[in-house]
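Quick one: this structure, given as structure tokens, is what I'll be asking you about.
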2 protein chains.
Amino acid sequence: MMDEAKDSGLTRIQRRNREIILEGALTVFAVNGFRGTTIDQIAAECGLSKPNVLYYFPSKDEIHKTLLTKLLDMWLAPLENIEPEGEALQEVLDYVAAKLRMSREYPRESRLFAYEILRGAPHLTEILGGRLRNTVDDAVAVLRGWTEAGKLRNVDPHHLIFSIWSMTQHYADFEVQVRAVLGEGHDPFSEAEIFLEDMYRRLLTP
Amino acid sequence: MMDEAKDSGLTRIQRRNREIILEGALTVFAVNGFRGTTIDQIAAECGLSKPNVLYYFPSKDEIHKTLLTKLLDMWLAPLENIEPEGEALQEVLDYVAAKLRMSREYPRESRLFAYEILRGAPHLTEILGGRLRNTVDDAVAVLRGWTEAGKLRNVDPHHLIFSIWSMTQHYADFEVQVRAVLGEGHDPFSEAEIFLEDMYRRLLTP
DNA sequence: CCTGATCCTGACTATTTGGTCAAGAATTGG
DNA sequence: CCAATTCTTGACCAAATAGTCAGGATCAGG
């Protein structure tokens, strides 16, 4: 077997089963967290035997790390897609909307990261201070540029980003609470969309 | 031994040791979550033996539940302290500030709740739909009143509350991330205080 | 259809962990 | 100062859990 790039050295079956395992593991980790998840649960979730799961991944740790790094791109993409040449306010509003949409469509990913950060991010330490920080720094620079050009009201760009993260992810991570408080007959996400658009428009319009 | 109210039926030693255990358990649960915490860790944290911990509480579950219910009052107090007769905007700003201060001073409590909600809140189900929801409903009514009286700009009161919760608790729950992104030389909480005051003032001023 | 490689699993081990218990140590009240 | 009560713990148990392994099933290429 040759050892080309990334996935190329893998059998069809390997590719498929690794995918199945990551998919199932994501579901279980998102509900129970790392420590609360057992390999048996993952195996059951994907309809494989436990030894079979461990045939494709050497350990529970490895499954978890693989998931986190694999999903980080997706999670950071909207921030990287901010277009410095775009219309400032609209770019931010688009980012907020994109982030909220991700919380709605990928709540498992949101929870996976939430659990990991809560634990102190043992599997993400380098990334937090490295790639993530760089990405944020870039975005911060763009925001500052817009502010200096008078296109945005002057607010602390770091905390602006934190606010967007926390508010959008809240609807995925704390969904139980949100639903309990709202009761029946609410669509948290579409209400949030309206609220957030209004909020950031008001906050950032010069 | 007679069985009067709450704590009264307890020895001095019982009161003291239960307190020590809850204190130590809070520290450990806040870092590792429920499933990630072992009774041994709790025992070590408080300098007691494991059987001794289990002499004062029948199970790990019970320690956790006791902590959650005990701390819920504290956690909800600021929301209950909103004064309908007060000056609307200032009341909300005070609430935000109080909530942020709690994140700074009681990060363990914040994380304890965050972990619990993330898990789906098995130890808080009744409370979420009961007491919490009522408290929020009351606050929502007050906010609506202020809005109708023209004292606050018209925003969805539920989502206003969610936004305050998520943004303030973010600084406790996701502290690792916040610090990694900001780097050295920042005081996240005092920066957040400025940002949040500005944000909510702007959002809510009619 | 044959053979070597890949895939899969039942049975197993070692460790961790929640919880028990009997017996000794300390404390309390009379 | 004595006895009853309360407190503490070493030793233990049963269940859960991460991970192993030998051998059988399946598959891909020739």
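A, B, ... follow the sequence lines: proteins, then strands. Residue 1 opens every chain. Every heavy atom of this structure was used, including side-chain atoms; hydrogens, water molecules and symmetry mates were not.
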My understanding is that only residues two or more places apart in sequence, or in another chain, count here; which of them pass salt bridge (charged side-chain N to carboxylate O under 4.0 Å, His left out) with B:E197?
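Testing B:E197 for salt bridge (charged side-chain N to carboxylate O under 4.0 Å, His left out), a comparison that skips the adjacent residues, returns B:R201.
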Salt bridge (charged side-chain N to carboxylate O under 4.0 Å, His left out) against A:E191, all qualifying residues, sequence neighbours excluded
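Partners of A:E191 by the salt bridge (charged side-chain N to carboxylate O under 4.0 Å, His left out) criterion come out as none, since no residue qualifies.
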Taking only residues at least two apart or on different chains, which pairs with a member in residues 51-60 of chain A satisfy side chain to side chain donor-acceptor pair (under 3.5 Å)?
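Listed by first then second residue: A:N17-A:Y56.
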Going by salt bridge (charged side-chain N to carboxylate O under 4.0 Å, His left out), name the residues that satisfy it together with B:D40, two or more places apart in sequence or in a different chain.
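Expected list: B:K50.
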Quick test: give all pairs of protein nitrogen or oxygen and nucleotides 26-30 of chain D nitrogen or oxygen below 3.5 Å, distance rounded to 0.1 Å.
unit_1	atom_1	unit_2	atom_2	d
D:dA28	OP1	A:R12	NH2	2.6

Tell me which residues in residues 19-38 of chain B lie within less than 4.0 Å of DNA chain C, going by non-hydrogen atoms.
B:T37, B:T38
Test: ring-ring contact (aromatic ring centres under 6.0 Å, His included). Region: residues 90-131 of chain A. Which pairs qualify, not counting sequence neighbours?
A:F34-A:H123, A:H64-A:H123, A:W75-A:F113
Give a yes/no answer on whether the side chain of B:Y55 brings an N or O atom under 4.0 Å of OP1 or OP2 in D:dC7.
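Yes, within the criterion.
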Taking OP1 and OP2 of C:dC7, is either one under 4.0 Å from a side-chain nitrogen or oxygen of A:Q14?
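Looking at the OP1 and OP2 atoms of C:dC7, one of them is under 4.0 Å from a side-chain N or O of A:Q14.
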Which atom pairs link the protein and nucleotides 19-25 of chain C when you take only N or O atoms and keep those under 3.5 Å?
unit_1	atom_1	unit_2	atom_2	d
C:dG19	OP2	B:K60	N	2.9
C:dG19	N7	B:K50	NZ	3.3
C:dG19	O6	B:K50	NZ	3.2

Using salt bridge (charged side-chain N to carboxylate O under 4.0 Å, His left out) as the criterion, list what pairs up with B:E80, not counting sequence neighbours.
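Residues passing salt bridge (charged side-chain N to carboxylate O under 4.0 Å, His left out) with B:E80: B:R131.
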It should be established whether A:N17 places a side-chain nitrogen or oxygen under 4.0 Å from OP1 or OP2 of nucleotide C:dC8.
yes
Results of side chain to side chain donor-acceptor pair (under 3.5 Å) for B:W146 - residues two or more places apart only
none
Contacts under 3.5 Å, N or O only, protein and nucleotides 22-24 of chain D:
none

Who are the side chain to side chain donor-acceptor pair (under 3.5 Å) partners of B:S163, not counting sequence neighbours?
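B:S163: side chain to side chain donor-acceptor pair (under 3.5 Å) contacts with B:Y200.
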